[in-house]
Amino acid sequence: MVEGIRRGDLVGIAVVGERGAFAAPEHSGGSAIPQPWPQHVLRADSDWPRWAMWSSDTARALVAAGVEVRSAWDLRAVDRLLHGRWRTDPARIWANAFGLAPDGIPLDMPIDLFHPYQPPDAAEGPVDAAGYLRPHWIARDWYATDAHTAQWTELITTVARTQIEQVQTLEAAERVLASARCESTTELLCAELEHVGLPIDRRAAEAIIVSHAGPRPTRSNDEAAARATRATRDADVFVHAQDAPPIDLRNPAQVRTLLRFVGIEVPDTRAGTLRRVRDKHPIIEALLTWRKSERIATTYGYAWLDEAVGDDGRLRGSWSSSDGAAGRMTASAGLHNLVGEMRAAVVAEPGFTFVRADLGQIEPRVLAVISRDAALARATQQDDLYAPVAAQLDVDRATAKLAVLGAMYGQTTGHGAAALARMRNAYPVAMAYLDAGDRAGQLGEDVRTYGGRLIRMNAANADAMDEREARSIAAARGRYARNALVQGAAAEFFKLWAVTVRARAVELDARIVLCLHDELLIHVAVDDAPAAVRLVDDALQETAFRFVPNNAVRFVADTSIVSRWSDA
DNA sequence: TGCGGCTATTG
DNA sequence: CACAATAGCCGCAG
């Protein structure tokens with residue numbers, strides 16, 4: 001335990017070289033205390049602060065050192081939330097926090113023949129006369145003294161406090177503040193997800209790969225063997241067009257030529273297009289099968305297994321806490337788009353099992369919250385929200401679902417169009433909310449999600465564009481903004497649920513091993529699985545209460561205990 | 001070698 | 001002219 005640090009304190013922390021350092025809280029009267037890693041004082045059980053850090057790079061260093069951090073204030077994550085920019089660095093975060101023009105940020109001098117490296121003047125403080133951070137302070141590999149380190153960590157605390165003041169000026173400041181904390185703690189979760197990895201049964205994975213890509217090439221024959229397996233795979237298609245000239249099945253234009261040769265004309269060669277003509281010629285079925293195998297062989301083949309799955313049988317990718325248009329979590333290495341068949345290889349370790357939980361109909365439920373549509377909120381009281389909506393619209397369930405999704409995505413044509421008109425009648429408040437977002441997007445106005453994330457609508461380049469093209473681009477931007485408000489708020493709900501589960505799971509020694517937009521996968525000892533199920537459900541109720549203070553909207557999750565992901 | 005197009009998968 | 005994401009291979013330009 002650290003002298004003077006109390007629960008809830010905001011304390012700047014940094015990793016400087018081989019050491020960690022944190023600012024002392026104001027009331028202790030001290031300055032930064034550099035510490036070698038690992039640093040067990042950080043895991044003080046009862047009294048713990050909210051550690052302020054520049055970015056999840058610090059969280060990764062902490063996790064790698066075996067330090068458990070419970071909550072954070074991540075300057076980069078909060079900066080992204082407030083200012084809607086993804087490519088940021090400390091110089092920019094600092095400028096944003098203090099309202100300084102970004103084009104005034106001083107650039108670091110390049111080190112080359114004409115500008116040899118010169119050690120910075122140690123007497124210079126971190127901030128220059130104009131108020132910007134000095135570049136060499138950001139580089140921070142030159143820190144020689146504890147005094148420098150102390151200044152650096154205190155500065156982190158300062159930026160965090162300034163960001164909090166910025167949040168206070170926004171509409172719904174309390175909610176945005178909660179959102180900023182959640183985004184920050186999600187950065188910790190991402191660092192942990194990268195460290196822990198997803199348990200994979202390597203032999204099961206290899207069996208799936210063998211069935212599509214053939215046996216693993218040995219080192220002595222890899223080139224030739226790989227060619228041979230590819231040729232075998234291709235031959236299963238060519239056998240249906242034996243007189244056809246040789247073509248490359250990986251080239252869509254040549255596939256069209258091949259199909260034309262057997263008398264089938266298609267506009268493109270996508271799976272959906274091919275399926276519509278599958279009974280015209282047996283080659284279509286063979287081609288679809290080939291595509292599936294080719295995908296496993298290339299994307300989820302031996303190379304993927306070797307690169308992404310460690311010796312400990314854990315699949316690891318890089319995690320981002322808020323990427324893309326609306327701030328969803330993203331992951332690489334197939335963690336977010338693993339083909340269904342390969343999910344059979346995601347298996348809990350001996351003595352452990354998975355608790356898998358996914359939110360039901362999260363986007364329309366979130367829409368009811370953010371739009372404050374009382375009629376839609378009533379529909380969320382049902383386990384299946386689409387049932388009351390279907391009754392309200394006087395259509396079948398499938399049509400109701402299409403209408404709701406179409407409304408959120410900005411669909412204007414197609415089969416759902418008639419039901420969409422009924423949506424306007426039945427849920428005018430929700431539809432008005434969506435339309436307002438759409439209009440803002442079309443006009444190029446930035447919007448903010450429920451949790452306060454700024455969605456930037458960059459001004460369109462109207463030059464060299466005819467009117468029809470301009471209209472189509474404006475419509476696309478409208479749909480983008482409309483959807484970002486819903487998808488973004490849904491992402492915020494999910495992350496709040498995830499960090500709540502993460503916090504509660506500590507006592508069970510359970511670990512979140514996968515986050516998938518509306519789904520959580522938790523790795524837990526078999527005996528603790530029922531407790532983990534209760535924990536997940538309790539966390540959902542808590543999340544719903546925090547997200548919707550008046551509890552007018554109901555959220556549901558489907559939770560199960562499975563040893564194999566595909567069994568859910 | 002970098003990038004747009006096409007195609008696949010997922011929520 | 002339905003939203004978001006990651007990721008592979010191809011052809012083409014340079």
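Order of the sequence lines sets the chain letters (A, B, ...), proteins ahead of strands, with each chain counted from 1. The figures that follow rest on heavy atoms only: side chains count, while hydrogens, waters and symmetry mates do not.
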Practice item. Write down the distance between CD (A:Gln361) and P (B:dG11), rounded to a whole number of angstrom. Key: 15 Å
**Study point:** Check: A:Thr185/A:Arg502 side-chain N/O donor and acceptor closer than 3.5 Å
**Key:** no
Check your understanding: If you measure from CZ on A:Phe493 to CD1 on A:Ile370, what distance do you get to the nearest 0.5 Å?
Key -> 12.5 Å
Review point. Should the pair A:Arg256-A:Asp268 be classified as a salt bridge under the 4.0 Å nitrogen-to-oxygen rule?
Key: no
Check your understanding: Base, sugar-phosphate, or nothing: which does A:Arg482 touch, judged by heavy atoms less than 4.0 Å apart?
Key -> nothing
Practice item. Can you tell me the distance, in whole Å, between the CG atom of A:Leu359 and the P atom of B:dG11? Key: 13 Å
Check your understanding: Reckon A:Asp358 touches a base, only the sugar-phosphate, or nothing at all at heavy-atom distances under 4.0 Å?
Key -> nothing
**Study point:** Rounded distance in Å - CG (A:Leu249) to P (B:dT7)
**Key:** 14 Å
Review point. With sugar-phosphate meaning primed atoms plus P, OP1 and OP2, does A:Leu335 contact a base, only sugar-phosphate, or nothing at under 4.0 Å between heavy atoms?
Key: nothing
Check your understanding: Taking CD from A:Glu341 and C1' from B:dA8, how many angstroms apart are they, rounded to a whole number?
Key -> 14 Å
Check your understanding: Which part of the nucleic acid, if any, lies within contact of A:Gly317, taking any heavy atom under 4.0 Å across all strands shown: a base, the sugar-phosphate backbone alone, or nothing?
Key -> nothing
Check your understanding: Touch check for A:Arg343, heavy atoms < 4.0 angstrom, all strands: base, sugar-phosphate only, or nothing?
Key -> sugar-phosphate
Check nucleotides 3-5 of chain B against the protein and report each pair of N or O atoms closer than 3.5 Å, with its distance, or say if there are none.
none

Point to revise | Separation of B:dT7 C1' from A:Leu287 CG (nearest whole Å) | key: 12 Å
Point to revise | salt bridge (charged side-chain N to carboxylate O under 4.0 Å, His left out): pairs with one or both residues in residues 225-234 of chain A, sequence neighbours excluded | key: A:Glu223-A:Arg227, A:Arg233-A:Glu294, A:Asp234-A:Arg250
Study note, to complete from the structure: CG of A:Leu188 to OG of A:Ser321, rounded to nearest 0.5 Å, is 10.0 Å
Exercise for review: May I have the distance from A:Lys292 (atom NZ) to B:dT7 (atom C1'), rounded to whole angstrom?
Suggested key: 15 Å
**Study point:** Test side chain to side chain donor-acceptor pair (under 3.5 Å) applied to A:Arg85 - qualifying residues, sequence neighbours left out
**Key:** none
Exercise for review: Describe, in one word, how the ring planes of A:His523 and A:Phe352 are oriented to each other, choosing from parallel (under 30°), tilted (30 to 60°) and perpendicular (over 60°).
Suggested key: parallel
Review point. Among all residues two or more places apart in sequence or in another chain, which pass the side chain to side chain donor-acceptor pair (under 3.5 Å) test with A:Arg278?
Key: A:Glu285
Point to revise | Counterpart residues, side chain to side chain donor-acceptor pair (under 3.5 Å), relative to A:Arg372 (two or more places apart) | key: none
Check your understanding: If the sugar-phosphate is the primed atoms plus P, OP1 and OP2 and the base is the rest, what is the B/S/- string for nucleotides 1-7 of chain C, using protein heavy atoms under 4.0 Å?
Key -> BBBBSBS
Review point. With rounding to whole Å, what would you report as the distance between B:dG5 and C:dC1 at their P atoms?
Key: 13 Å
Exercise for review: Rounded to the nearest angstrom, tell me the gap between atom OH in A:Tyr300 and atom C1' in B:dA8.
Suggested key: 9 Å
Review point. Any side-chain donor-acceptor pair under 3.5 Å between A:Ser179 and A:Glu492?
Key: no
Review point. Whole-Å distance between B:dT10 P and A:Glu519 CD?
Key: 12 Å
**Study point:** side-chain N/O A:Thr269 vs B:dT7 OP1/OP2, d < 4.0 Å
**Key:** yes
